[in-house]
Amino acid sequence: MSPESIQNGDSASKSIDQRGMKRKRLQSQEHGSGESSTVNGELRKEPSTEPSPRDDQDDYPVGNFSPDTKLRLGKSISIRDLENRPHGGVQASQDTSTNGRLRQLRSQATILRKFRQQLPIWPSSSTIRSFLQSDRPQVLILTGETGSGKSTQVPQFLLSERWCRNGCIAVTEPRRVAAIGLAKRVGSEMGVRLGKEAKGLGKRQEDSVGWSVRLDNNVSRARGVRTRIKYLTEGMLLRELLRDPYLESYAAVIVDEVHERSIGVDLLLGFLRLLLFGEGDGPKRKNPLKLVVMSATTNVESLKEFFSEGCPDRKALVEQISTEEAEGEWEGFSDAESEAFASKKPDAPKKAHVAHPQDNKLAKAQVGPVSSYHVEGRQYPVKIVYLNEPTQDFVESALSQIFEIHRKEPLPGDILVFLTGQDTIESLERLINQCAQELDRKLPRVLTLPLFAALPQAAQQRVFERPPSFTRKVILSTNLAETSITVPGVRYVVDSGKVKVKQYRSRLGLDSLLVKPISRSSSIQRQGRAGREAPGICYRLYTEPDFLQMENETMPEILRSDLSGSVLSMKACGISDVAEFPLLSPPPRDALEKALIHLLQLGALNDSGDITEVGKQMSKMPLSPNLARIIIEASQPELDCLEDVIDIIACLSVENIFINVVSDEKREQAHEARQNLYRREGDHLTMLATVQAYLSEHSNRKAWAEKYFVSHRAMQSVMDIRKQLLAQCVQMGLSSNSSFQNSEPEKRTVTILRCLLKGFMGNIARLMPDGSYRTILGNQTVAIHPSSVLFSKKVEAIMFSEFVFTNKSYARGVSSIQMDWIGELLAGSGI
DNA sequence: GAGCACTGC
């Protein structure tokens, strides 16, 4: 493909005119305000300012970074990285007394305040508060583009409200790093001590900001401390709902990043709707709960409808509004907002049109249970360039596009390329490096940096480093850079328009992992990555008609996942008819049925569909139902292999513990080194052997891991999860006496495998005369994945922990089993 | 002969 074939002109600017009218308008305002380097420089002079993780959705007008390092971090970097920084943006105090520390925190907060005031959301504070002032439960749907400041400011706005005076606000985030990073940021803005750092102030109450994510709960339990804001991952709030169904400990819940439509968010919205507006059997909470749903996109209507549907006095609300004089103002305001956004008319009436209830005593009564509001973002304009003709090979198109940019555009300005996976990233990396050698000496050098989740942490961190002088970075990334990591310095985005998605097919009980076109919203999100620091260009490796044909939104995760975990959570929360559970995107009935049947087979539900004792125990574990069931099986006193099984389950809960080696030579080497760890019974016992070998290494585990080509990072998570699971089993009274530990290894191995089989009943295949494997339930052909120790081996039958279709059906995590175990098992389970 | 991205007391 020739560079000329890439369109560069009018059609590109047309589409930004349509969608990006705000950006154009913002451009003129923005260059003179906020993000300028003078402000940056000013902040830099403050000795107490540290480079802190930046909220990638809601930027500060000043990056808190030293421009010297050019290190700009997204909402998501490594947790360790966050932990190594002093809390709250304040460096260790020389005055170690509590009062000295608090004084210092307060002065820091005063400095930060003027930057908060420059955030686009700042002027909307009182309007936002006014939506939630009635004495009924209320929902506010708050949309705002990247950089508006909503994740950090909205909780602080609400704190001063009467209904929140002594309460705590929960804010959920989809990622751990985001939750921790935001908590630290907001803590320093408020000038309070973080989490357990807060110890109380004698007679006076001390306010604090905390966070709660798996394996890291940093919320003060001290008597004199009020935790005012708590950032949690979605999963953690779901766990809290199991314990405290009415969330009595919170005055408000803020659900952030709803547009990502994770399973967690969808379930939370369902539970929260029931909690707010659930069947009218009397008040469930002492005080009405307030809910703020925050989303980046404009799809307000479906959210509005979702909550209005659940609201019992919906009719009353509608009548009330239509009889109020100010009717047009409230409804009209939000309509004008969404209309303006949809029809791309600039300067549609906005704030001027809004009646601010705090200015109008009657207005309070006008605010219904469900309202919506939109805040402007802060983003530089990005020009869009489409291909004229569709491409057959996006790797090749990306290659020529990258070099066209490189020849044409001056530095600075790094290139971010969105690809589908490790394979395409590595092949493009090779191609670029070949071409770069023949590059004109006068042109800047090219530094190619791959970025995907399976890449070791140190290699991932390289995208944050400043390149050598006269060098352009070309970052080749998966979707990781779309939401989780914000790469600094990017002005050019090359978008393949593709993504690899995992989709569960309940009929086959199989995940497929296939390359698909992205959605329009995802395409816009990728484009936005070019306009973080300066105006940018997004080169789409597809045509404009292709763009127009894309789905509007990415399919919500709940429609493409195994629902057994979600259904178990619902059942544990007392939802008897799961088909009635309110979901924004209800999954098809057969997907729910499949999940119910699976839970029945596992013994989590009984024949009438009620949750069993085993099911209740399973629901408390931070594991999929399959894995949770295995733990419970292993805890039976007569089997007693709990500790060994926990070691295996911990490995199954993290990414691959073995390092992927690229070259053939290294692969041989790794294979050789791992011989001591490999077990002929299969991958699960190999995992056990690896954990045990790692545990018995006391001197230098890092070196040990390197020697065996084992991922040290993965093993550290295995250790954490193992510890957590052991503690939880003790707490749940799942026993483990070690009498059996001394029995013959052979017998122990069989016991362990039979426990695993209890959770992987559907995942069994036997060897056919032609040498292939076929599943017992479903009679599907399945191949042992090349990463398995049993790859190319023939055994009587296999059990596997994962069943994934890529270019064919693969079994991953495979163990050898015997046919006669299966008969007993199936007889016992009623299949 | 091959591995999208997240998450959980």
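Within every chain, numbering begins at 1; the chains are lettered A, B, ... in the order of the sequence lines, protein sequences first and strands thereafter.
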Between [X] ([atom1]) and [N] ([atom2]), how many Å, whole number?
X: A/Asp266; N: B/dG8; atom1: CG; atom2: C1'; result: 17 Å
X: A/Arg175; N: B/dC4; atom1: CZ; atom2: C1'; result: 14 Å
X: A/Leu419; N: B/dA5; atom1: CG; atom2: C1'; result: 15 Å
X: A/Leu232; N: B/dC9; atom1: CG; atom2: P; result: 10 Å
X: A/Asp511; N: B/dG3; atom1: CG; atom2: C1'; result: 13 Å
X: A/Leu241; N: B/dC9; atom1: CG; atom2: P; result: 12 Å

Under 4.0 angstrom, heavy atoms only, what part of the nucleic acid is [X] near: base, sugar-phosphate, or nothing?
X: A/Ser512; value: nothing
X: A/Arg214; value: base
X: A/Gly421; value: sugar-phosphate
X: A/Gln728; value: sugar-phosphate
X: A/Leu480; value: sugar-phosphate
X: A/Glu557; value: base

When you get a sec, tell me which of [options] is the closest nucleotide to the side chain of [X]?
X: A/Phe452; options: B/dC4, B/dT7, B/dA5; answer: B/dA5
X: A/Ser484; options: B/dA2, B/dA5, B/dG8; answer: B/dA5
X: A/Gln422; options: B/dC4, B/dA5, B/dA2; answer: B/dC4
X: A/Tyr810; options: B/dG8, B/dC6, B/dA2; answer: B/dA2
X: A/Asn660; options: B/dC9, B/dG1, B/dG3; answer: B/dG3
X: A/Met236; options: B/dC9, B/dG3, B/dA5; answer: B/dC9

Are the side chains of A/Met687 and A/Ile657 in contact, using a 4.5 Å heavy-atom criterion?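 Yes. Closest side-chain heavy atoms under 4.5 Å.
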Is the shortest side-chain N to carboxylate O distance from A/Glu426 to A/Arg430 below 4.0 Å?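 Salt bridge between A/Glu426 and A/Arg430, a charged N being under 4.0 Å from a carboxylate O: no.
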Are A/Arg667 and A/Asp664 ion-paired here, with the side-chain N under 4.0 Å from a carboxylate O?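 Looking at A/Arg667 and A/Asp664, the cut-off is met.
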Taking only side-chain nitrogens and oxygens of [X], does any of them come within less than 4.0 Å of OP1 or OP2 of [N]?
X: A/Asn807; N: B/dA2; answer: yes
X: A/Thr806; N: B/dG3; answer: yes
X: A/Thr233; N: B/dG8; answer: yes
X: A/Arg667; N: B/dA2; answer: no
X: A/Thr478; N: B/dC4; answer: no

Counting distance alone, no hydrogens or angles: does the base of B/dG3 have a donor or acceptor under 3.5 Å from a partner atom on the side chain of A/Asn656?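 There is none.
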Map A/His785 and A/Gln724 onto DNA chain B by nearest heavy atom, then report which one ends up closer to the 5' terminus.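 Nearer the 5' end of the strand: A/His785.
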On DNA chain B, compare the nucleotides closest to A/Leu451 and A/Leu623; which residue's is nearer the 5' end?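 By nearest-heavy-atom nucleotide position, the 5'-most residue is A/Leu451.
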Kindly indicate, with the supporting measurements, whether the criterion ring pair (Phe, Tyr, Trp, His ring centres under 6.0 Å) is fulfilled by A/Phe800 and A/His785. CA-CA 10 Å; A/Phe800 41 95; A/His785 195 272; over 10 Å; no
Is the Lys NZ or Arg CZ of A/Arg540 less than 6.0 Å from the centre of A/Phe547's six-membered ring, within 45° of the axis?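 Verdict for A/Phe547: a cation-pi partner in A/Arg540.
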Could you check whether the rings of A/Phe581 and A/Phe271 sit parallel, tilted or perpendicular, using 30° and 60° as the cut-offs?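 Because their plane-to-plane angle is over 60°, the rings of A/Phe581 and A/Phe271 count as perpendicular.
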